[in-house]
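In what follows, a single structure is set out as structure tokens and then discussed.
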Amino acid sequence: MFGIVIATVLIGAVGCLIGFFLTFSAKKFEVEVDPKETAILEALPGNNCGGCGFAGCADCAKAIAEGKAVVTQCPVGGAPVAQEIASIMGVDAGDETRMIAYVRCSGDCTKAKDKYIYSGVQDCNAAKFVPGGSHKACSFGCMGFGSCVKACEFDAIHVIDGIAKVDKEKCKACGKCIAACPQHIISMVPYDAAYIVSCRNEEKGKDVMKECSIGCIACHICEKNCPEHAITVNNNIAEIDQDKCVGCGICADKCPKKIILLQPGEVRMAASNEE
């Protein structure tokens, strides 16, 4: 009986000693965390999507707190989160332009031609390795197998009629769809951009017409008719400078291939002026 008591006391003493040692070590080697970093982390949405360019929200918060990243670093949180973080950091968030992803291709099943019938793995990155780089006649167009859809964590992109379409209201501009697309036809555009050239084919006009009925043929008509000089043709593709574009729609009206598209939900300035 005496031995049991001794053993119990000894075990208890060892436990207390270990507890004291662990407490001392925790205090001794504790890594101090900037209170701002903790507050910023709590303000971030917590998606850990990597759209900010960091491994996750914790790394993003640390970078912002250390001044190595801007308060608008998180594309998912947008302006509300940026304002909250700016308040924590004691700075002005400024006017942030909301960005969204846009798939620059209109070659759906009725417009883009196929070179052959593809029946392999339903993944764009896998299909990229087939003969010719794609079963599509246009080697620049959307393959329609949804690698971008799988990458999106916000259900903001779906394949419709053979090409990917972005829901601008759901898009958080995290950039994962851009990284997933082997065709490099997804880019960030301003949420309120009125007109966008929905094609990325860099071939000459005569070759484009053989591949797709709606592809840009680099005719320069849009460039010549834009009163704001907001559109230029480079590498056989028309590009709109969204900072100069006023949404008049003249380029879209003049485009013979009708590849300059009005974003869903936007209102043509010209139309409203006529009213």
**Report entry** Heavy-atom closest contact (Ser106 atom, Leu261 atom, distance)
**Finding:** OG-CD1, 3.4 Å

Query raised in the report: Can you find a pair of side-chain heavy atoms, one from Ile237 and one from Cys199, that are under 4.5 Å apart?
Result: yes

Query raised in the report: Would you find a donor on one side and an acceptor on the other, under 3.5 Å apart, between the side chain of Lys115 and the backbone of Ser134?
Result: yes

Report task. Starting from the C-alpha separation in whole Å, work towards a yes-or-no answer on side chain to side chain contact (heavy atoms under 4.5 Å, CB included) for Ile40 and Val71. Result -> CA-CA 9 Å; Ile40 293 170; Val71 296; over 6 Å; no

Query raised in the report: Would Met89 and Val70 show up in the same hydrophobic cluster when neighbours are defined by side-chain heavy atoms closer than 4.5 Å?
Result: no

**Report entry** Lys/Arg-Asp/Glu bridge criterion (N-O < 4.0 Å) met for Lys62, Asp59
**Finding:** no

Requested in this report: State, yes or no, whether a side-chain contact exists between Val76 and Cys49 at a heavy-atom distance under 4.5 Å.
Outcome: yes

Query raised in the report: How close do Ala112 and Lys136 get, heavy atom to heavy atom, and via which atoms?
Result: CB-NZ, 4.3 Å

Report task. Please answer: with hydrophobic residues joined when any side-chain heavy atoms are less than 4.5 Å apart, are Ile196 and Met99 in the same cluster? Result -> no

Query raised in the report: Can you tell me if NZ on Lys128 sees more than 12 non-hydrogen neighbours from other groups inside 6.0 Å?
Result: yes

Query raised in the report: What's the shortest heavy-atom distance between Ala180 and Ser147, and which atoms?
Result: CB-O, 3.8 Å

Requested in this report: Over all heavy atoms of both residues, which pair between Ala101 and Cys177 is shortest? Give the atoms and the distance, please.
Outcome: CB-SG, 3.7 Å

Requested in this report: Please round to the nearest 0.5 Å and tell me the distance separating atom SG of Cys148 and atom CG of Asn125.
Outcome: 10.0 Å

Query - Verdict with reasoning, Asp155 to Lys170, per side chain to side chain contact (heavy atoms under 4.5 Å, CB included) - result: CA-CA 7 Å; Asp155 191 37; Lys170 291 184 178 180; 3.2 Å; yes

Report summary line: d(Ile88 CD1, Leu41 CG) to nearest 0.5 Å is 10.0 Å

Query - Test item: Lys168 side-chain N/O and Tyr191 main-chain N/O as donor-acceptor pair under 3.5 Å - result: yes

Query raised in the report: Given the rule in the side chain to side chain contact (heavy atoms under 4.5 Å, CB included) test, do Cys60 and Cys52 qualify, once you have shown the distances and angles that lead to the verdict?
Result: CA-CA 7 Å; Cys60 181; Cys52 59; 3.8 Å; yes

Query - Glu203 side chain vs Val208 backbone, donor-acceptor pair below 3.5 Å - result: no

**Report entry** Chi angles and distances behind the side chain to side chain contact (heavy atoms under 4.5 Å, CB included) call for Asn236, Ile217
**Finding:** CA-CA 7 Å; Asn236 296 321; Ile217 55 175; over 6 Å; no

**Report entry** Smallest separation among heavy atoms of His135 and Val130, with atom names
**Finding:** N-CG2, 4.2 Å

Query raised in the report: Hey, are the side chains of Tyr102 and Met188 touching, using non-hydrogen atoms and a 4.5 Å cut-off?
Result: no

**Report entry** Close side-chain approach of Pro45 to Cys74, heavy-atom, < 4.5 Å
**Finding:** yes

Query raised in the report: Hey, what do you get for OH (Tyr195) to CD1 (Ile240), rounding to the nearest 0.5 Å?
Result: 9.5 Å

Query raised in the report: Take atom OH in Tyr116; do more than 12 heavy atoms of anything else shown fall under 6.0 Å from it?
Result: yes

Query raised in the report: Taking all non-hydrogen atoms of both residues, which atom of Ala194 and which atom of Gly247 are closest, and how far apart?
Result: CB-CA, 3.9 Å

Query - Interatomic distance, Ile163 atom CD1 to Arg104 atom CZ [nearest 0.5 angstrom] - result: 13.5 Å

Requested in this report: Look at Arg98 together with Asp192 and state whether they make a salt bridge at an N to O cut-off of under 4.0 Å.
Outcome: no

Query raised in the report: About how many Å separate CD1 of Ile185 and SG of Cys138, when rounded to the nearest 0.5 Å?
Result: 8.5 Å

Query raised in the report: Side-chain heavy atoms under 4.5 angstrom apart, residues restricted to Ile, Leu, Val, Met, Phe, Trp, Tyr: same cluster for Ile178 and Ile157?
Result: yes

**Report entry** Salt-bridge contact Glu239-Arg200 (side-chain N to carboxylate O under 4.0 Å)
**Finding:** yes

Requested in this report: Could you tell me whether a side-chain N or O of Asp108 sits under 3.5 Å from a main-chain N or O of Lys111, the two making a donor and an acceptor?
Outcome: yes

Query raised in the report: So, do Thr110 and Asp161 sit near enough that their side-chain heavy atoms are less than 4.5 Å apart?
Result: no

Query raised in the report: What distance separates Glu169 CD from Cys171 SG, expressed to the nearest 0.5 Å?
Result: 10.0 Å

Query - Side-chain donor/acceptor of Asn48 to backbone N/O of Cys57, under 3.5 Å - result: yes

Query raised in the report: Can you hop from Ile186 to Val149 via hydrophobic side chains spaced under 4.5 Å?
Result: yes

Requested in this report: For the residue pair Asn201 and Glu211, confirm or rule out a side-chain donor-acceptor distance under 3.5 Å.
Outcome: yes

Query raised in the report: Lys257 side chain to Ser213 main-chain N or O, any donor-acceptor pair under 3.5 Å?
Result: yes

Requested in this report: Report yes or no: does Lys258 contribute a side-chain atom to a donor-acceptor pair with the main-chain N or O of Asp253 at less than 3.5 Å?
Outcome: yes

Report task. Please check if Val121 and Met143 belong to a single hydrophobic cluster, counting links between Ile, Leu, Val, Met, Phe, Trp and Tyr side chain heavy atoms closer than 4.5 Å. Result -> yes

Query raised in the report: Are there more than 12 heavy atoms of other residues, nucleotides or ligands under 6.0 Å from atom NZ of Lys150?
Result: yes

